[in-house]
Amino acid sequence: MNELMDIRFYEQIKSILEGARNQAYSAANSAMVQAYWSIGKSIVEQQGKSERAEYGRQLLQELSKRLTHDFGRGFTASNLRNMRQFYLTFPNCYALRSNLSWTHYRMLMRVENEKARNFYLEECEKANWSTRQLERQIDSFFYERLLSSRNKETISNEILSLEPVKKPEDVIHDPYVLEFLGMKQSADFYEKDLESALIGELQNFLLELGRGFSFVARQKHIDLDGEHFYIDLVFYNYILKCFVLIDLKTGKLTHQDIGQMDSYIRIFDELQKGEDDNPTIGIILCSEKNEAIVKYSVLNDGKQLFASKYQLTLPTAEELERYIENERRKYEEREDIL
């Protein structure tokens, strides 16, 4: 570091800024959680005035419509139902933990066993679990395994090696907080350097193929019953007359990745596809070290395109694999030089 800049002085300034960012997030997150709890309480009290289930459904639909108009995204009927359940699951407002996010609470609400739910709540606060850490612990039955194990310390520490710890930039970019504050969600928030480089070049590669690809969106936001997802690239192909969704995974391809893409396809077929359009196509690109894998997916076989059209229009798996390998190698060589 420059001799004029003492390292301890810089670390002091850095610490001040990081602390201020954390305080700003904590304040926004706490206000959001409290607001959602209060909204849930109001919904329960209002619905309690009527015994008709239809009234309750229509109330949420109308409330969602008005709130979305006045406050933007984040107030779908399904999310309002989550707020209602939030109040019912945690009726004591003073028991809420200020360092837990709305995503934490949504996951905790899925735990039916009250003792297990309270255990995860306490552990989240004590160990400062990220939402990914909490999700893994719930899905791996951490509470049940801990009760039956003699080696409790090993089980308690395993999450540290399986999932990364929570960092300030993770929570600052929380999509729920951004929605609550009325801030636009930038695609830059959700791309790592390698992913951004690969996706940017892939976008140009497909457009330069000259096979009917028309760019639609990058980091397309999808809300699946309150869960936030982002599709890396969305194209419309005017030769095949269908949407083409592309997701890049910089790691091993999993069944979960394939299932997620299938969900994206269902959403586009239901909400975006026109009457004359063909079924949406999904392409998953997996970019592991020294290996590239391409997976195509089309759910609706009832209106299948001609195989010849596929072959002439879509890039082949070999073309895409070669692209990934070349671009990744160029990126890594550039990083080594820097």
Side-chain angles (χ1 to χ4, degrees), residues 29-30 32-48 50-57 59-61 63-64 74-152 154-160 162-163 166 171 174-176 223-229 254-256 259-260 262-263 266:
N29 176 70
S30 179
M32 179 182 67
V33 169
Q34 292 286 338
Y36 286 0
W37 184 90
S38 298
I39 291 172
K41 182 175 185 289
S42 297
I43 291 173
V44 169
E45 291 174 347
Q46 182 66 24
Q47 288 181 327
S50 174
E51 296 180 355
R52 294 183 295 120
E54 181 64 19
Y55 167 80
R57 188 185 69 80
L59 174 68
L60 291 184
Q61 293 291 346
L63 182 61
S64 171
F75 297 98
T76 62
S78 63
N79 211 21
L80 291 175
R81 283 193 292 272
N82 285 330
M83 295 177 200
R84 178 184 183 277
Q85 187 59 41
F86 182 36
Y87 168 72
L88 294 174
T89 306
F90 301 96
N92 184 1
C93 181
Y94 298 104
L96 300 179
R97 308 299 199 270
S98 60
N99 65 324
L100 299 191
S101 69
W102 174 236
T103 304
H104 281 102
Y105 281 112
R106 289 183 66 258
M107 291 179 181
L108 289 168
M109 285 189 289
R110 300 200 319 246
V111 181
E112 296 182 2
N113 184 323
E114 184 177 358
K115 290 183 178 180
R117 184 169 62 245
N118 290 334
F119 167 81
Y120 289 126
L121 180 69
E122 297 293 338
E123 287 297 309
C124 269
E125 181 180 38
K126 182 173 66 177
N128 198 30
W129 282 348
S130 68
T131 54
R132 284 183 59 181
Q133 287 175 323
L134 173 60
E135 184 175 34
R136 181 179 284 274
Q137 298 293 55
I138 292 174
D139 292 344
S140 65
F141 301 99
F142 173 66
Y143 173 72
E144 290 79 4
R145 288 189 295 121
L146 198 63
L147 289 180
S148 61
S149 174
R150 294 181 180 179
N151 195 348
K152 299 185 185 301
T154 300
I155 293 179
S156 297
N157 292 333
E158 70 179 11
I159 192 63
L160 299 177
L162 295 172
E163 293 290 350
K166 185 167 65 176
V171 291
D174 187 324
Y176 286 112
D223 188 331
L224 289 176
D225 194 23
E227 292 281 355
H228 293 265
F229 299 94
T254 67
H255 291 295
Q256 183 180 0
Q260 192 175 87
D262 288 348
S263 297
R266 293 181 194 278

Contacts of Lys126 meeting salt bridge (charged side-chain N to carboxylate O under 4.0 Å, His left out) (sequence neighbours excluded), chain-then-number -> Glu123
Separation between CD (Gln61) and OG1 (Thr76), nearest 0.5 Å, reads 9.5 Å
*Could you check if a side-chain atom of Lys41 sits within less than 4.5 angstrom of a side-chain atom of Val44, using non-hydrogen atoms only?*
no
Hits for side chain to side chain donor-acceptor pair (under 3.5 Å) against Thr89, two or more places apart or cross-chain, chain-then-number order -> Gln85
For Ser64 and Ala77, the nearest pair of non-hydrogen atoms, with its separation, is OG-N, 3.4 Å
CG (Leu60) and CZ (Arg81) are apart, to the nearest 0.5 Å, by 6.5 Å
Interatomic distance, OG@Ser101 vs CZ@Arg106, rounded to 0.5 Å, equals 10.0 Å
Sorted by chain and number, sequence neighbours left out, side chain to side chain donor-acceptor pair (under 3.5 Å) with Arg117 holds for none
Between Asn79 and Phe75, is there a donor-acceptor pair closer than 3.5 Å when you use the side chain of the first and the backbone of the second?
no
Only residue of Tyr105, Trp102, Tyr87, Phe86 satisfying ring-ring contact (aromatic ring centres under 6.0 Å, His included) with Tyr36 is Trp102
query = Backbone N or O of Leu100 within a donor-acceptor pair of the Asn29 side chain at under 3.5 Å?
reply = yes
Taking every heavy atom of Ala116 against every heavy atom of Tyr143, the minimum-distance pair comes out as CB-CD2, 3.4 Å
Would you sort out whether Ile138 and Glu135 count as a side chain to side chain contact (heavy atoms under 4.5 Å, CB included), showing the intermediate values?
CA-CA 5 Å; Ile138 292 174; Glu135 184 175 34; 5.9 Å; no
Separation between CD1 (Ile43) and CZ (Arg84), nearest 0.5 Å, reads 8.5 Å
dist Leu134:CG -> His104:NE2 (nearest 0.5 Å) comes out at 5.5 Å
Those residues at least two apart in sequence (or on a different chain) that pass ring pair (Phe, Tyr, Trp, His ring centres under 6.0 Å) with Tyr120 are none
Contacts of Glu125 meeting side chain to side chain donor-acceptor pair (under 3.5 Å) (sequence neighbours excluded), chain-then-number -> Arg97
Let's go through Leu121 and Phe90 carefully: what are the C-alpha distance in whole Å and the side-chain angles of both, what is the deciding distance for side chain to side chain contact (heavy atoms under 4.5 Å, CB included) to 0.1 Å, and is it a yes or a no?
CA-CA 11 Å; Leu121 180 69; Phe90 301 96; 4.3 Å; yes
